[in-house]
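Okay, so here's the structure we're looking at.
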Amino acid sequence: MSIVAGLALLAGASATLAPDTLHAAGDKASAVGASGPAGTAPRPMKKRAGPPEVAPVVIGSVRYEPLLGGKARGLGQNGGDIVARDAKTGAELWTLRVYKIDYAANMEPDKQDIYITSLDVAPDGRSLLVTDERGRRWRVDTEARTATPE
């Protein structure tokens, strides 16, 4: 009788879970048919969330920001690049690859993108500190236009 009671308790608990707990809010494609047959857990999202919003950083007359959509610009990867812009006009001055992403051929490329999550001015006032989604950090020398792992 205790096994039957335990199964009934588990069935009741799974029925109270929200069917779209693992899906992005407002994602119609993943919300349709998101849960499997009655009493089963929802399926995980098929698409990853987009890149995080990262505030640009200004040093002198130059604004630095993550470059999104690098593949569309022929750079071979999404994430890992920054763009320097004139702070007044917004004109692009240069781009820099901070880190390289090695894509595995047997996985979906968009799930392998690694985006920049923060840009900060370093204590020296002329370098950038860049952090990615994996928690790795780099120092970007904005004058030499080089990136070094920290």
Side-chain angles (χ1 to χ4, degrees), residues 10 12-150:
L10 284 175
S14 65
T16 61
L17 293 176
D20 59 351
T21 7
L22 299 178
H23 299 279
D27 184 359
K28 293 178 185 174
S30 64
V32 175
S35 59
T40 62
R43 295 186 305 246
M45 290 186 300
K46 290 190 177 195
K47 292 187 178 189
R48 67 168 279 159
E53 285 191 37
V54 177
V57 171
V58 177
I59 299 175
S61 62
V62 181
R63 182 179 78 229
Y64 302 93
E65 56 195 48
L67 176 65
L68 304 177
K71 284 185 179 179
R73 291 183 58 173
L75 297 176
Q77 67 184 43
N78 289 328
D81 297 310
I82 59 170
V83 62
R85 298 184 180 279
D86 182 283
K88 289 183 182 175
T89 67
E92 186 172 309
L93 304 172
W94 49 268
T95 62
L96 175 70
R97 165 99 5 113
V98 178
Y99 54 88
K100 184 177 184 305
I101 301 171
D102 293 316
Y103 290 92
N106 62 343
M107 291 179 63
E108 292 180 46
D110 65 324
K111 291 184 179 180
Q112 299 178 66
D113 293 334
I114 305 167
Y115 292 104
I116 292 171
T117 56
S118 71
L119 288 176
D120 296 294
V121 178
D124 67 11
R126 66 175 194 84
S127 300
L128 290 173
L129 298 176
V130 178
T131 306
D132 74 7
E133 289 179 305
R134 294 184 177 171
R136 301 176 299 181
R137 291 179 50 118
W138 289 265
R139 179 177 297 269
V140 173
D141 183 326
T142 58
E143 293 174 9
R145 299 180 191 173
T146 58
T148 308
E150 288 236 310

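When a residue number appears, it is its place in the shown sequence, counting from 1.
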Check whether any side-chain heavy atom of [X] sits under 4.5 Å from a side-chain heavy atom of [Y], and report yes or no.
X	Y	answer
Arg139	Leu129	yes
Arg73	Asp81	no
Thr142	Val62	no
Tyr115	Pro52	yes
Leu128	Trp138	no
Ile114	Tyr99	yes

For [X] and [Y], which heavy atoms make the closest approach, and how far apart are they?
X	Y	answer
Pro66	Val54	CG-CB, 3.7 Å
Gly90	Arg85	O-NH1, 3.1 Å
Ile59	Tyr64	CB-CE1, 4.0 Å

Measure from the side-chain N and O atoms of [X] to the backbone N and O of [Y], and report whether any donor-acceptor pair falls under 3.5 Å.
X	Y	value
Asp141	Thr146	no
Arg97	Leu75	yes
Gln112	Ile101	no

Using the side-chain contact (heavy atoms from CB on, under 4.5 Å) rule, pick out the option among Thr131, Ile82, Val98, Val140 that qualifies with Leu119.
-> Ile82
Gap between atom [atom2] of [Y] and atom [atom1] of [X] - 0.5 Å precision:
X	Y	atom1	atom2	result
Asp132	Arg137	CG	CZ	11.0 Å
Lys111	Asp113	NZ	CG	12.0 Å
Thr117	Arg134	OG1	CZ	12.5 Å

Considering only NZ, NE, NH1 and NH2 on the basic side and carboxylate oxygens on the acidic side, decide whether Lys100 and Asp102 come within less than 4.0 Å.
-> yes
